[in-house]
Amino acid sequence: MTTPATGLETWSLWIGTIGMTLGTLYFIAQGWSVRDAEQQEYYIITIFIPAIAAASYFSMATGFGLIEVPVQGLGTLDIYWARYADWLFTTPLLLLDLALLAGADRNTIATLVGLDVFMIVTGLVGALAREGAAVRLAWWGISTGALIVLLYYLLGTLSEQASAMSGERAALFARLRNLVLVLWSLYPVVWILGTESGFEILPLGVETAAFAVLDLAAKVGFGIVLLRSRSVLSGSATRS
Ligand code: RET
């Protein structure tokens with residue numbers, strides 16, 4: 001039997017579902033009249049991000065996205081696997097938005113997406129591993145290593161490429177990049193303080209609420225900042 005969800009856990013999952021749905025509808029409404037193909041590209045990417053998350057949150061709120069994992073020495077953990085399915089698709093899309101903004105080359109995009117997929121998949125393996133806390137923590141370390149390299153790449157190579165863009169565009173890139181640096185860094189912290197690591201400094205309800213806040217900020221917040229600067233989004237060739 002799955003442990004009955006606490007109030008905070010259920011609330012967070014439904015708030016996530018509603019928030020992501022509203023975010024999706026808002027971006028669709030905003031993008032409806034956009035005719036410029038280059039601007040449309042950002043809308044398409046940015047609409048799919050909360051749409052995928054809304055489906056993932058709905059699956060978690062209704063119990064499908066949850067499994068029980070018996071872990072040696074830790075008992076049975078409730079794992080929301082659907083988060084990782086969401087992140088597997090949405091984090092590359094977020095990076096793609098940033099990369100387009102920076103005018104990044106294909107190799108840079110491939111490196112970023114590769115690191116990102118590696119990070120999410122190794123995080124998922126850590127969440128599902130049954131071999132005990134040490135093995136789970138080792139996977140966390142591997143995933144966090146990938147995140148550190150990814151963020152280093154965002155600050156280095158991608159920022160360099162973005163600095164060749166017009167002032168307004170470079171400024172928007174920097175704002176979004178900083179948002180990503182701060183928010184993405186908090187995910188492994190919530191994981192390690194939460195129930196997945198076995199430390200359970202944060203109970204599942206608090207962990208679920210923390211991930212919901214991070215997800216809403218990293219997807220809907222990110223999208224609002226990006227799309228409200230619509231005028232900056234066309235003319236990738238406008239280099240300063
Ligand atoms: C995991 C596992 C433990 C180690 C690390 C992780 C990183 C997750 C990140 C997720 C970002 C998600 C976003 C979602 C929605 O917009 C998988 C928790 C490093 C960085 C931005």
Side-chain angles (χ1 to χ4, degrees), residues 16-59 83 85-117 119-120 150-151 153-155 157-184 214-240:
T17 310
I18 294 165
M20 294 299 178
T21 307
L22 291 178
T24 309
L25 295 175
Y26 176 62
F27 295 155
I28 292 175
Q30 248 200 336
W32 203 255
S33 54
V34 173
R35 290 291 165 265
D36 178 282
E38 217 174 323
Q39 289 182 8
Q40 280 175 342
E41 210 174 331
Y42 290 96
Y43 277 90
I44 294 165
I45 298 169
T46 312
I47 288 166
F48 272 113
I49 295 168
I52 292 169
S56 160
Y57 266 95
F58 181 63
S59 86
R83 294 190 184 297
D86 162 350
W87 297 341
L88 187 59
F89 296 100
T90 57
T91 51
L93 290 174
L94 287 163
L95 291 175
L96 196 56
D97 265 337
L98 271 183
L100 282 177
L101 202 58
D105 55 48
R106 283 168 64 106
N107 287 352
T108 304
I109 298 177
T111 308
L112 281 171
V113 171
L115 283 164
D116 182 68
V117 167
M119 169 185 81
I120 301 297
L150 191 161
L151 295 181
Y153 215 71
L154 273 187
L155 264 177
T157 312
L158 201 64
S159 300
E160 243 163 60
Q161 296 184 2
S163 64
M165 307 310 264
S166 70
E168 256 188 327
R169 194 163 164 141
L172 176 62
F173 169 83
R175 200 173 315 130
L176 290 168
R177 178 204 58 199
N178 294 342
L179 192 71
V180 165
L181 280 177
V182 172
L183 293 175
W184 290 35
L214 285 179
D215 281 345
L216 284 167
K219 293 181 163 87
V220 180
F222 178 99
I224 289 173
V225 174
L226 174 70
L227 299 178
R228 78 170 175 214
S229 310
R230 181 197 280 207
S231 57
V232 183
L233 301 180
S234 48
S236 57
T238 25
R239 291 181 184 258
S240 56

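Note that this is a predicted model, so its numbers are computed, not measured.
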Can you give me the closest heavy-atom contact between [X] and [Y], atom names plus distance?
{"X": "Arg230", "Y": "Ser33", "answer": "NH1-OG, 4.4 Å"}
{"X": "Ala170", "Y": "Ala162", "answer": "CB-O, 3.7 Å"}
{"X": "Leu179", "Y": "Ala217", "answer": "CD2-O, 4.5 Å"}
{"X": "Gln39", "Y": "Leu233", "answer": "CG-CB, 4.1 Å"}
{"X": "Gly16", "Y": "Leu216", "answer": "O-CD2, 4.5 Å"}
{"X": "Ala218", "Y": "Leu94", "answer": "O-CD2, 3.5 Å"}

Can you name the salt bridge (Lys or Arg N to Asp or Glu O under 4.0 Å) partners of Asp86, sequence neighbours left out?
Lys219

Assess whether side chain to side chain contact (heavy atoms under 4.5 Å, CB included) is satisfied between Phe173 and Leu100, documenting all intermediate values.
CA-CA 10 Å; Phe173 169 83; Leu100 282 177; over 6 Å; no

Looking only at atom types and distance, does a side-chain atom of Gln161 sit under 3.5 Å from a main-chain N or O of Asp105, one as donor and one as acceptor?
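Indeed, once roles are kept as given, a pair shorter than 3.5 Å links the two residues.
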
Side-chain donor or acceptor of Thr108 paired with backbone N/O of Ala104 under 3.5 Å:
no

Could you grab the distance from atom [atom1] of [X] to atom [atom2] of [Y], nearest 0.5 Å is fine?
{"X": "Ile47", "Y": "Thr24", "atom1": "CD1", "atom2": "OG1", "result": "8.5 Å"}
{"X": "Ile52", "Y": "Leu88", "atom1": "CD1", "atom2": "CG", "result": "9.5 Å"}
{"X": "Tyr43", "Y": "Gln30", "atom1": "OH", "atom2": "CD", "result": "4.5 Å"}
{"X": "Leu101", "Y": "Leu172", "atom1": "CG", "atom2": "CG", "result": "5.0 Å"}
{"X": "Leu214", "Y": "Leu183", "atom1": "CG", "atom2": "CG", "result": "6.0 Å"}
{"X": "Ile49", "Y": "Asp215", "atom1": "CD1", "atom2": "CG", "result": "11.5 Å"}

Using side chain to side chain contact (heavy atoms under 4.5 Å, CB included), reason through Leu96 and Val113 one step at a time and then give a plain yes or no.
CA-CA 8 Å; Leu96 196 56; Val113 171; 5.7 Å; no

Qualifying side-chain hydrogen bond (donor to acceptor under 3.5 Å, both in side chains) pairs with a residue from residues 172-182, counting only residues at least two apart or across chains:
Ser159-Arg177

Phe89 atom CZ, over 12 foreign heavy atoms within 6.0 Å:
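Result for CZ/Phe89: open.
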
More than 12 heavy atoms of other residues, nucleotides or ligands under 6.0 Å from CD of Gln40: yes or no?
yes

Would you indicate whether the side-chain heavy atoms of [Y] and [X] approach each other to under 4.5 Å?
{"X": "Tyr42", "Y": "Leu226", "answer": "yes"}
{"X": "Ile18", "Y": "Tyr57", "answer": "no"}
{"X": "Leu98", "Y": "Phe222", "answer": "yes"}

Using the side chain to side chain contact (heavy atoms under 4.5 Å, CB included) rule, take Val220 and Ile224 through it: C-alpha gap first, then chi angles, then the decisive distance, then the call.
CA-CA 6 Å; Val220 180; Ile224 289 173; 4.0 Å; yes

Between Leu22 and Tyr26, is a side chain to side chain contact (heavy atoms under 4.5 Å, CB included) present by the stated rule, with each step listed?
CA-CA 6 Å; Leu22 291 178; Tyr26 176 62; over 6 Å; no

